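To start, the structure itself, in structure tokens.
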Amino acid sequence: MTGDFDSFRNALQAATLRALPGAQRIEGLKRLSAGATLETWSFDAIGTDQGIASNWPLILRRAPGGVRAARTLSLTDEAKLVRALREAGAPVAQVVHILGADDALGDGFLMIRIPGETIPRKILRDAQFDAIRPQLVSQLAGIAAALHAADVTGLPPALPVSGVRKTIEDLHARAVSFSEPRPVFELAFRWLDEHAPPEPLRPHLVHGDYRHGNVIIGTDGVRAVLDWEIAHLGDPIEDLAWLCLPPWRFGNLDLPAGGLGTRDELLQAYAQATGEVVDPMRFRFWEMVGSLRWGVSCASMLEWFRSGRNRTVERAMIVRRASENEMDLMRLLSGSA
């Protein structure tokens, strides 16, 4: 294991030195995530910039074998999207290098590390965020509005298109493959089919996972939006509804907008930023889609566990959370959510 780590570190240092003229070595290398296919590493590049001692705080985001889960962008395409968004002025990280074959590190990219907090428990409860917390709903709405207004013609062509009907079809295709029946899911699919709104007049950039954990927050507010791996073109209301799901409230169940505020506060701030009022039924549709999507994702972990793809206790426990989504779907179906 030590030899493997040393080889990885040496390859990463060589890639970093090629990417950053003036960098001489890397220090403080540590892994931040332990995903099945995706790794995130933090480290510093030490050297000189125009004769002045410099320190570049960096993040490596990589898939060692170049393999990603289905329905995700490759890390190369994700990096290109982040670069395009940064050039357009969006609050995203600065990509400094996209890994190539010569780097021998797999698929991935290097970006400047942004200081701040991503852990929801701290953002929602720690005293250092008390002053900014009341402003976060408005900030999240405003950033979402700006991202949704991005000129899609200037974005990488690899972005998939997933509108109203395709989203339902893709979700249903995943659900019917389960070995265990899920009657509540089928009831939700029937409701979605009967209440699907018209497709948006034009496709918008959709983050796809806009929530706590994927935004960096400091004492001055939201500093960056992270993890663009499931970005696509579609209906922007999907992002707003996803932010309001119960799993992202982290105990503040009476504050649907990420445990920070109400739905009305979020939608009013979004309407103020866009000049367009959000249709309540369209929002409810995407809330149903979001809850069902999370439920399908949780339930799918049973197949991962049984097949041996991932036999960890954590994976087995995620399956149990599908029942929470069934309860949430019933509340949505009854109109009592």
Side-chain angles (χ1 to χ4, degrees), residues 4-35 38-64 73 75-100 102-123 126 128-129 132 136 139-140 143 147 207 209-229 231:
D4 291 343
F5 177 80
D6 288 343
S7 296
F8 163 66
R9 185 186 183 284
N10 291 338
L12 177 59
Q13 178 166 271
T16 303
L17 268 56
R18 286 193 294 271
L20 295 173
Q24 298 168 348
R25 66 186 186 279
I26 65 172
E27 293 182 354
L29 180 62
K30 60 181 179 180
R31 189 170 177 177
L32 301 182
S33 71
L38 186 65
E39 298 176 0
T40 303
W41 295 80
S42 173
F43 64 101
D44 294 326
I46 308 299
T48 58
D49 185 8
Q50 297 180 353
I52 301 174
S54 295
N55 179 348
W56 293 268
L58 297 170
I59 290 288
L60 166 67
R61 185 167 164 83
R62 77 157 185 160
L73 297 174
L75 282 171
T76 296
D77 288 330
E78 182 180 346
K80 291 178 179 178
L81 172 60
V82 172
R83 274 184 168 170
L85 290 172
R86 185 173 177 85
E87 290 175 2
V92 295
Q94 178 184 352
V95 174
V96 297
H97 180 61
I98 300 176
L99 298 180
D102 292 344
D103 296 316
L105 288 166
D107 188 17
F109 58 93
L110 298 177
M111 56 185 172
I112 298 296
R113 188 170 69 246
I114 300 171
E117 187 58 74
T118 60
I119 299 175
R121 171 180 52 81
K122 294 184 177 182
I123 295 166
D126 284 8
Q128 65 174 314
F129 299 107
I132 195 62
L136 291 179
Q139 287 190 11
L140 288 167
I143 290 171
L147 294 172
H207 181 278
D209 199 9
Y210 194 63
R211 60 171 174 84
H212 276 304
N214 288 339
V215 290
I216 297 178
I217 293 175
T219 54
D220 55 345
V222 180
R223 292 176 176 171
V225 181
L226 307 173
D227 294 357
W228 290 85
E229 60 191 77

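Keep in mind the model is a prediction, meaning the values are calculated, not measured. For this chain, numbers begin at 1 and follow the sequence in order.
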Nearest 0.5 Å, please: how far is [atom2] in [Y] from [atom1] in [X]?
X: Leu136; Y: Phe129; atom1: CG; atom2: CZ; value: 9.0 Å
X: Leu20; Y: Ile46; atom1: CG; atom2: CD1; value: 11.0 Å
X: Leu12; Y: Leu29; atom1: CG; atom2: CG; value: 6.0 Å
X: Asp107; Y: Thr76; atom1: CG; atom2: OG1; value: 4.0 Å
X: Leu75; Y: Glu229; atom1: CG; atom2: CD; value: 7.5 Å
X: Leu147; Y: Leu85; atom1: CG; atom2: CG; value: 6.5 Å

Q: Check the pair Leu60, Thr16 against side-chain contact (heavy atoms from CB on, under 4.5 Å), reporting the backbone distance first and the verdict last.
A: CA-CA 10 Å; Leu60 166 67; Thr16 303; over 6 Å; no

Q: Could you list all the side-chain hydrogen bond (donor to acceptor under 3.5 Å, both in side chains) pairs where at least one residue sits in residues 110-119, not counting sequence neighbours?
A: Ser42-Arg113, Asp44-Arg113

Q: With sequence neighbours excluded, tell me which residues meet side chain to side chain donor-acceptor pair (under 3.5 Å) with Trp56.
A: none

Q | Set of side chain to side chain donor-acceptor pair (under 3.5 Å) partners for Arg9, sequence neighbours left out | A | none

Q: For Asp227, check salt bridge (Lys or Arg N to Asp or Glu O under 4.0 Å) against everything at least two apart and list the hits.
A: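 Partners of Asp227 by the salt bridge (Lys or Arg N to Asp or Glu O under 4.0 Å) criterion, ordered by chain and then number, come out as Arg61.
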
Q) Do Ile112 and Leu58 come within less than 4.5 Å of each other through their side chains, counting heavy atoms only? A) yes

Q. Does some side-chain heavy atom of Val225 sit less than 4.5 Å from a side-chain heavy atom of His207?
A.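 His207 vs Val225: side chains touch.
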
Scan the side chains in residues 213-222 for donor-acceptor partners under 3.5 Å anywhere in the protein, sequence neighbours excluded, and list what turns up.
unit_1, atom_1, unit_2, atom_2, d
Asn214, ND2, Asp209, O, 2.8
Asn214, ND2, Asp209, OD2, 3.0
Asp220, OD1, Arg223, NE, 2.8
Asp220, OD1, Arg223, NH2, 3.2

Q. What pairs with Ala11 under side chain to side chain contact (heavy atoms under 4.5 Å, CB included), at least two apart in sequence or on another chain?
A. Leu105

Q: Name all pairs fulfilling the salt bridge (charged side-chain N to carboxylate O under 4.0 Å, His left out) condition that reach into residues 79-99, sequence neighbours left out, sorted by first residue then second.
A: none

Q. Please, which pairs that meet salt bridge (charged side-chain N to carboxylate O under 4.0 Å, His left out) have at least one residue in residues 11-22, sequence neighbours excluded?
A.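 Of all non-adjacent pairs touching residues 11-22, those that pass salt bridge (charged side-chain N to carboxylate O under 4.0 Å, His left out) are Arg18-Asp103.
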
Q) Ile123 and His212: side-chain contact (heavy atoms from CB on, under 4.5 Å), yes or no, with the steps? A) CA-CA 9 Å; Ile123 295 166; His212 276 304; 4.1 Å; yes

Q: List the atom of Ala93, the atom of Met111, and the distance in Å for their closest heavy-atom pair.
A: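 It is CB-SD, 3.6 Å.
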
Q) What closest approach, in Å, do Val95 and Phe109 show between heavy atoms, and which atom pair accounts for it? A)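 In terms of heavy atoms, the two residues are closest at CG2-CD1, 4.0 Å.
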
Q) side-chain contact (heavy atoms from CB on, under 4.5 Å) between Val92 and Trp228: does it pass, once the steps are laid out? A) CA-CA 10 Å; Val92 295; Trp228 290 85; 3.7 Å; yes

